[in-house]
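These notes concern the structure reproduced below.
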Number of protein chains: 2
Amino acid sequence: MSDTRQDVRKPRLSRERILDAAMDLADRDGIEALTIRKLADELGTKPMTIYHHVDGKEALLDGMVDVVFSEIAKPPVDLPWQEALRVRCRSAREVLGRHPWSVPLLESRHHPGPELLAHHESVLVTLDRAGMPLPLVAHAYAVLDSFVYGFAMQEANLAVQRGDEDAELAEEIAAAFDPGAYPMMTRFAMEHAMQPDFNFGDSFDYGLDLLLDGLSRAAGQEPA
Amino acid sequence: MSDTRQDVRKPRLSRERILDAAMDLADRDGIEALTIRKLADELGTKPMTIYHHVDGKEALLDGMVDVVFSEIAKPPVDLPWQEALRVRCRSAREVLGRHPWSVPLLESRHHPGPELLAHHESVLVTLDRAGMPLPLVAHAYAVLDSFVYGFAMQEANLAVQRGDEDAELAEEIAAAFDPGAYPMMTRFAMEHAMQPDFNFGDSFDYGLDLLLDGLSRAAGQEPA
DNA sequence: TCAAGCATTCGTACTTAGTACGACTTGCTA
DNA sequence: TAGCAAGTCGTACTAAGTACGAATGCTTGA
């Protein structure tokens, strides 16, 4: 009856604005909270409007992954290769920490974006200028990224568990804990992991050094 | 009061049978294909029947993760610690390779099962008997598991991409490839990664050795 | 032996999510 | 000024998780 038409402005939406909002939503509420409907709400629009800018949800995720790669620093070309890789790996950890939802997605997308490709290229170039033969380049890249991704994955889960359910969770885990059943875990927790100065993240630099030193040796150079 | 000890009457279904079927389904068709309905079909029953044995889908996933941990070999107590950890890490890689869907789940479940706890305990005990002080134990465990999980994650995605869409995918990636845009990637692919004897998995033992050697040094021992 | 009790099973339906279809709106261009 | 392309959205279909309550049939106590 009442054809109350409302004002519609011009290009309020764009692929970029959608990607930004989707990343915000995923960062804030987790990837499982990222639905087309919620995204539309966030943008003050309706679900189907999204589809005029993004080719379905899979393409949306592809785009988000590429944004993540764009945020990771490439290994600086003016540093020794060990230092350059250290910079890029630390950056990767930091970025993946800001976007924890992205870790399981990074390697599982079947449509690599330009940022992903450019990033891979820059790392390969760095390993190449370390003087590594190709087989060693392959090992180095596989090993470094395994470590970075795996570490980020573990950190992401710690972060989740430190959320609002902190108390409830700790209690639940403790409840499942037959006091004497896991003596080493108990000792480890009491004497180390639950101490105020314990920080899981410290192990990142430790492991990164371990790998870079080993790779330096393999490349026939002294550890930096 | 009344000793109501009852056995299952007509157990066409059981938590164990359900877990087995769920693992098979996930192994075969991927974790996203694991729905309560498909699982019911697989078991020749109806969706709601599942809920009398398993407390919802989250609990089902928790149970599956615990089964995965049960399949991973614990570090043998009769081997030197480096060898013992090598055995367990290789086993982990093999098991995660058989259950690729489980990798992102392993560390994200909030309800650790008994197998998971027992496994952690056994690894901590092994690090302890290496003579490591607790801070080093923490580093070692974090670094080893980061590597194992990260490697398994990358392998899992390679496996997926080697699936039925192999040709289509390679073609698609190649199409996105400006010939001269990524020279190092191109060289790497042509001269190494696409050679018939290239095997991504070879990097696992390489990285594991790197880490175990470094940890041996840190523990004040000669690399094994 | 039979009926009550209870674990198990399942039909129905509600809810959330992705998205195909087609209609409507509006500014731009011929 | 008519018509078109781009953008927007209402409707509805499908898949999936699961709450509710009825149906089923085994086990036990009288």
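The sequence lines fix the lettering, A, B, ..., with proteins before strands; numbering per chain opens at 1.
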**Fill in**
Whole-Å distance, B:Lys46 NZ to D:dG17 C1', equals 17 Å
**Message:** Between P on C:dA17 and CG on A:Leu25, what's the gap in Å once rounded to a whole number?
**Reply:** 11 Å
**Asked** Partners of A:Arg90 by side chain to side chain contact (heavy atoms under 4.5 Å, CB included), sequence neighbours excluded?
**Response** A:Arg86, A:Phe204, A:Asp205, A:Leu208
**Fill in**
When rounded to whole Å, the CE to P distance for the pair A:Met48 and C:dA20 reads 7 Å
**Request:** Would you confirm whether the ring centroid of A:Phe200 sits within less than 6.0 angstrom of the ring centroid of A:Phe151?
**Result:** yes
Show me the protein contacts with nucleotides 14-16 of chain D, counting only N or O atoms at under 3.5 Å.
{"unit_1": "D:dA16", "atom_1": "N7", "unit_2": "B:Arg37", "atom_2": "NH2", "d": "3.2"}

**Message:** Measuring centre to centre across the rings, with the benzene-like ring taken for any Trp, is B:His120 within less than 6.0 Å of A:Tyr182?
**Reply:** no
**NZ/NE/NH1/NH2 to OD/OE distance under 4.0 Å, A:Glu121 and A:Lys74** = no
**Any N/O donor-acceptor pair, B:His52 side-chain to C:dT9 base, under 3.5 Å** = yes
**Message:** Distance check needed: D:dT18 P versus B:Ile50 CD1, whole Å only.
**Reply:** 12 Å
**Asked** Do the side-chain N or O atoms of B:His53 get closer than 4.0 angstrom to the phosphate oxygens (OP1, OP2) of C:dT9?
**Response** yes
**Prompt:** Does A:Lys38 come within less than 4.0 Å of A:Asp29, counting only side-chain N to carboxylate O?
**Reply:** no
**Prompt:** Side chains of A:His53 and A:Glu16: do they bring a donor and an acceptor to under 3.5 Å?
**Reply:** no
**Asked** Closer than 4.0 Å, any side-chain N/O of B:Thr49 to the OP1 or OP2 of C:dT8?
**Response** no
**Asked** Taking atom C1' of D:dA6 as reference, at what distance in whole Å does atom CZ of A:Arg15 sit?
**Response** 18 Å
**Message:** As an exercise, state the distance from CG of A:Asp128 to CZ of B:Phe188, rounded to the nearest 0.5 Å.
**Reply:** 10.5 Å
**Rounded distance in Å - CG (A:Leu60) to C1' (C:dA17)** = 14 Å
**Item:** Gap between atoms CD1 and C1', on B:Ile18 and D:dG17 respectively (whole Å)
**Value:** 15 Å
**Item:** Atom-pair distance (OH on A:Tyr51; P on D:dC13), nearest Å
**Value:** 17 Å
